[in-house]
Amino acid sequence: MSDLEAEYRLDYFEEEGFRRGQCTECGAHFWTRDPDRETCGEPPCEEYGFIDDPGFDEAYELGEMRERFLSFFEAHDHERIDPYPVAANRWRDDVLLTQASIYDFQPLVTSGETPPPANPLCISQPCIRMQDIDNVGRTGRHTMAFEMMSHTAFNAREDVDDEYAYEGEVYWKEETVAYCDEFFVDMGADPEEITYIEDPWVGGGNAGPAFEVIYKGAELGTLVFMSMSEDPDGEYEMKDGNTYSPMDTYIVDTGYGLERWTWVSQGTPTVYEAVYPDTIAYLKDAAAIDHGEEEEELIHRAAKLAGHLDIDEVEDMDAARDNIADKLGVEPARLHELMRPLEDIYAIADHVRTLAYMFGDGIVPSNVGTGYLARMVLRRTARLIDGLDADVALDDLVDRQAKRLDYENRETIRDIVRSEVRKYEETLERGSRKVEQLAEEYAERGEPIPASQLVEFYDSHGLQPDMVTEIAEDVGARVDEPDDFYSLVASRHDSGDAFDETEETDARLGDLPDTEELYYDDQYRAEFEAVVLDVFERDGEGEDGGPAYDVVLDQTMFYPEGGGQPADHGTLSTDDMTVQVSDVQMRDGVVLHRTDEDPGKGEFVRGQIDMSRRRRLMQHHTATHVIGHAAREVLGSHVRQAGAQKGTDSSRIDISHYDRLSRDEVKAIERVANEIVTDNTVVEQEWPHRNEAESEHGFDLYQGGIPPGETIRLIHVAEDVQACAGTHVKRTGDIGSIRILNTERIQDGVERITFAAGIAALQHDQTQEDYLRETAETFDVAPPEVPETAARFFTEWKERGKRIEELKEQLAEARASGGGGGEEIEIGEWTAVIQRVDADMDELRATANALVDDGKIAVVGGGADGAQFVVGVPDGAPVNAGRVVGELASLVGGGGGGPADFAQGGGPDAEALDDALESAPDILRDAAGA
RNA sequence: GGGCCCAUAGCUCAGUGGUAGAGUGCCUCCUUUGCAAGGAGGAUGCCCUGGGUUCGAAUCCCAGUGGGUCCA
């Protein structure tokens, strides 16, 4: 094992008169020009030195600082790159949010598969880190949203050629540190106060030496020299315990926190005051916070000390606060009262910027993925605003940021925020009612609300424990709040992880050449010729358990299943035989044709595609692009494809949208889609370099997934451009027509649109019309009158139901007053009536009720559907109705029961009904006697 | 992607297999009248849909639809 010490000995340090020191506090090694420096310079080893004493020659605002950095590096041969979205899942599928500038170039550029957009480059990349959410506002230095400025260079070792998308060395450690140092000096920094701390970097399977750059106590930069990858046999063991070895590409990845630089240039007590002055002023004003001079002074001093508060590092927040109060010589409670609203305001300012970034990039609130993170941030912010007792609207706050950021979709963002705030309020209201109810119960019993209920409230109703406590205390109930609350929640979610389905691969497959794809040349051609390179027999996978075959050809026109488009079907023919192709799959570039028979290895075959199937698939595929585009037109630019599946009879596209689709919106989408069809524009395909495609069209290209490779296939349908591997019709008119069949919400924030294209659309229309005509015929009216007629019938049907109820009761009364011919017997001092009424249960019950009202014991039997009994007993009569019914029912092979005064029962044996009724007097006498 | 919760009167919700309820709102009448309120009576309903179990399902089971929520 080697360590990295040698890696940090730079000529630059030597020439500039640096020396290597070791921190007397934390033991870290660092480089400095200052002969007397003993510590590494970073808190907690040292305190901030720039507050009230700015570190540069000028104070900068955020935008000015960004420009200063980018133009400096532009002047030093770096190309300036536009920032990427904060929703990193737009171009990679392993992370949700952009957390560092290097994320922009992972994984394809860093691995060397794709060239970078420029080399070297500089960028200021908006990022969101949610890990620090609890620190935001309180520590004075943590923000959730930030911009990471970076100068980046991609190098490949000289001795490798052509393997990677970039070659040679642009610059490495010496130049990187020199650039960094020069920029500091350019900003007017005192070179003696800069320290470079040796701090090896590890992340995402890569590692390398790195420096943390500290100036006046603030960490202003990180210089990472990514040069190793994880390797069990590697010679370097890093701090994550894994071993690493050098790789062929090596990358300069630097990070300069724009907010920190701005802060240091201004020397304000907290970073928030430097970065969000307008929002903070606005919120303070709205919350009517107006401090006196002495209070200002106190806050100022407390803020300086608050840098020591870090929820991760400080074990006891309260103690740390008390400590600050102690140092300032004030009551902790007073300090708390003073600081709390300010901390909330700082947090709100930061959170609304985060929200603006998220919604600006088209993230839609949801119960999954980035949408869920957005929802969490929004709810947290809404709650902070509630606590502030100020009349401010969240959509206003977010819009102020959106305006500052110059977003075009401001109205949509407002809509999203308003709709989400409304949902939040509804959740709160619904939750509060539930909590109140339950709290009252527990309060009456004098018991505390148990932890299990808290978990239930959180997990199923979205109520935080402190909110439950708050509400419960209003009703006078105690709450049993456990320390390990979140682990209790987690334990409700532990589930057996679904096992990954491992695809079995054939060793022989690896030796075969990639199949040449003919289907892009002419998507309408149905015939081709090819040579059978290999045939794999698949036992038991054919029809009736027989064998099936996977045929590999040198070239093919069969489209393999992919991108939501099902495989082509067709035939392969030799001179002697024709085999059916029922499935086509791509494995590592090799196309496998599933057939029912073996055409023979080495044979020359003619392939024939089932074109009616292919045409339907192409129509549906192009229609998918059309519908997606139409949805964007109608609903807004936030709409993205979140999944799609094509078929021959119908297809579906899932789109992100923050609300249910109204019928009018569906109609509008359908209309726009069919306009595109009617316009009959040419559907074009092209194969540009991915960097060109990205810079021209942005990441909206990748709605159907992120394709690998240096060049990508783009499909243009009207103004819509997407990276897509599927087959398409030549002109939009070839789609014929598009009908939306259904929409459903498959997740919060994701709507599924099911539609049909071409003949399938017509078939759908005809089926629908058949339904209507059939219904119209039944009603014997013309189709336009069906809705009104149906409504009338339904109303009449309900009225008749009520009328029948009334009549049954009248009938029952009539029967009870002697009209029904029931048998009357004496049970002690009581009269019992035993009567057979062949009617439904309602009528039997009504009859029994009427008899009971006359003060008689009622035994009513019915044979309309099996055998049923109702027994009613007036108040005070010595008979248990439930027992009587039970005995009667057992005589007809069933059971029954009910309260003592009114019971029902029955059984399947209708034949035995009369016998059972005959034995009723005995049963009644027994029951009365017992 | 997975887990959990929910669906009953216009609204908010009770209802543990046996005759569908409360509060509120609504209608009529009375009292009072500046408003608020009070008294008496009345109408509320495909108990989300479809299957199943059962003599019997708002209730139990399965599936679907719609909504909520937590986690990755």
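All values below come from the heavy atoms of this structure, side chains included, with hydrogens, waters and symmetry mates left out. Just so we're clear, the structure is a prediction, and the values are computed from it rather than from any experiment. Chain A is the first sequence line, chain B the second, and so forth, proteins listed ahead of strands; every chain is numbered from 1.
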Choose from [options] the nucleotide whose nearest atom is closest to any side-chain atom of [X].
X: A:Pro908; options: B:C55, B:C5, B:C46; answer: B:C55
X: A:Lys802; options: B:C70, B:U44, B:U69; answer: B:U44
X: A:Ser460; options: B:G2, B:C5, B:G18; answer: B:C5
X: A:Lys423; options: B:C46, B:G2, B:G68; answer: B:G68
X: A:Arg379; options: B:C13, B:U69, B:G18; answer: B:U69

Tell me what [X] touches on the nucleic acid: a base, only sugar-phosphate, or nothing, going by heavy atoms under 4.0 Å.
X: A:Gly895; value: base
X: A:Gly866; value: nothing
X: A:Glu456; value: sugar-phosphate
X: A:Gln868; value: nothing
X: A:Val368; value: base
X: A:Gly369; value: base

Take atom [atom1] in [N] and the same atom in [M], then report the distance between them in whole Å.
N: B:U49; M: B:U8; atom1: C1'; value: 15 Å
N: B:G50; M: B:G42; atom1: P; value: 33 Å
N: B:G25; M: B:U19; atom1: P; value: 30 Å
N: B:C48; M: B:G66; atom1: C1'; value: 8 Å
N: B:C6; M: B:U59; atom1: P; value: 14 Å
N: B:U53; M: B:A63; atom1: C1'; value: 15 Å
N: B:A57; M: B:G10; atom1: P; value: 24 Å
N: B:A20; M: B:A9; atom1: P; value: 16 Å

Discussion item. With side chain to side chain contact (heavy atoms under 4.5 Å, CB included) as the criterion, how do A:Ile416 and A:Ile363 come out once you've worked through the C-alpha distance, each side chain's angles and the decisive distance to 0.1 Å?
Written reply: CA-CA 10 Å; A:Ile416 291 176; A:Ile363 293 177; over 6 Å; no
Whole-Å gap separating [atom2] ([N]) and [atom1] ([X]):
X: A:Asp840; N: B:C55; atom1: CG; atom2: C1'; value: 15 Å
X: A:Lys798; N: B:A9; atom1: NZ; atom2: P; value: 12 Å
X: A:Arg430; N: B:A7; atom1: CZ; atom2: P; value: 12 Å
X: A:Phe869; N: B:U54; atom1: CZ; atom2: C1'; value: 17 Å
X: A:Asp748; N: B:C70; atom1: CG; atom2: P; value: 10 Å
X: A:Glu843; N: B:U19; atom1: CD; atom2: P; value: 18 Å
X: A:Leu888; N: B:G18; atom1: CG; atom2: C1'; value: 15 Å
X: A:Leu438; N: B:A14; atom1: CG; atom2: P; value: 11 Å

Is a salt bridge present between [X] and [Y], judged by a nitrogen-to-oxygen distance below 4.0 Å?
X: A:Arg418; Y: A:Asp415; result: yes
X: A:Asp659; Y: A:Arg422; result: no
X: A:Glu887; Y: A:Arg883; result: no

Taking N or O atoms only and anything under 3.5 Å, show me the protein contacts with nucleotides 60-66 of chain B, one pair per line.
| unit_1 | atom_1 | unit_2 | atom_2 | d |
| --- | --- | --- | --- | --- |
| B:G66 | O3' | A:Arg660 | NH1 | 3.3 |

Discussion item. Is the shortest side-chain heavy-atom distance between A:Thr370 and A:Val86 below 4.5 Å?
Written reply: no
Worksheet item: Can you find a heavy atom in the side chain of A:Pro448 that is under 4.5 Å from one in the side chain of A:Tyr442?
Response: no
Item to complete: Please figure out whether A:Gln464 or A:Asp842 has its closest RNA chain B nucleotide nearer the 5' end.
Response: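 Checking each residue's closest nucleotide, the 5'-ward one belongs to A:Asp842.
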Worksheet item: Between A:Trp797 and A:Gln904, who's closer to the 5' end of RNA chain B by nearest nucleotide?
Response: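 Nearest-nucleotide comparison on RNA chain B picks A:Gln904.
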With both distances kept under 3.5 Å, what pairs with [N], Watson-Crick or G-U wobble?
N: B:U54; answer: none
N: B:C11; answer: B:G23
N: B:A36; answer: none
N: B:G1; answer: B:C71

For [N] and [X] - does any side-chain N or O of the residue sit under 4.0 Å from the phosphate oxygens OP1/OP2?
X: A:Thr427; N: B:U69; value: yes
X: A:Lys434; N: B:U12; value: no
X: A:Gln747; N: B:G1; value: yes

Practice prompt. Tell me, with the steps shown, if A:Arg383 and A:Asp386 meet salt bridge (Lys or Arg N to Asp or Glu O under 4.0 Å).
Written response: CA-CA 5 Å; A:Arg383 190 154 158 70; A:Asp386 286 348; over 6 Å; no
Worksheet item: A:Thr847 and A:Val870: side chain to side chain contact (heavy atoms under 4.5 Å, CB included), yes or no, with the steps?
Response: CA-CA 9 Å; A:Thr847 306; A:Val870 175; over 6 Å; no
Item to complete: Any chance you could measure A:Leu97, atom CG, to A:Ile128, atom CD1, to the nearest 0.5 Å?
Response: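 Reported value, rounded in 0.5 Å steps: 5.5 Å.
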Review item, side-chain donor-acceptor pairs of residues 793-805 of chain A, under 3.5 Å, at least two apart:
| unit_1 | atom_1 | unit_2 | atom_2 | d |
| --- | --- | --- | --- | --- |
| A:Thr795 | OG1 | A:Ala791 | O | 2.7 |
| A:Arg803 | NH1 | A:Glu806 | OE1 | 2.9 |

Worksheet item: Is atom CG of A:Asp875 surrounded by more than 12 heavy atoms (other residues, nucleotides or ligands) closer than 6.0 Å?
Response: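 Atom CG in A:Asp875 is not packed in, count stays at 12 or less.
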Worksheet entry | Aromatic-base stack, A:Phe902 on B:U19, cutoff 5.5 Å, angle under 30 | yes
Discussion item. Quiz question: going by heavy-atom distance under 3.5 Å, is there a donor-acceptor pair between the base of B:U19 and the side chain of A:Asn849?
Written reply: yes
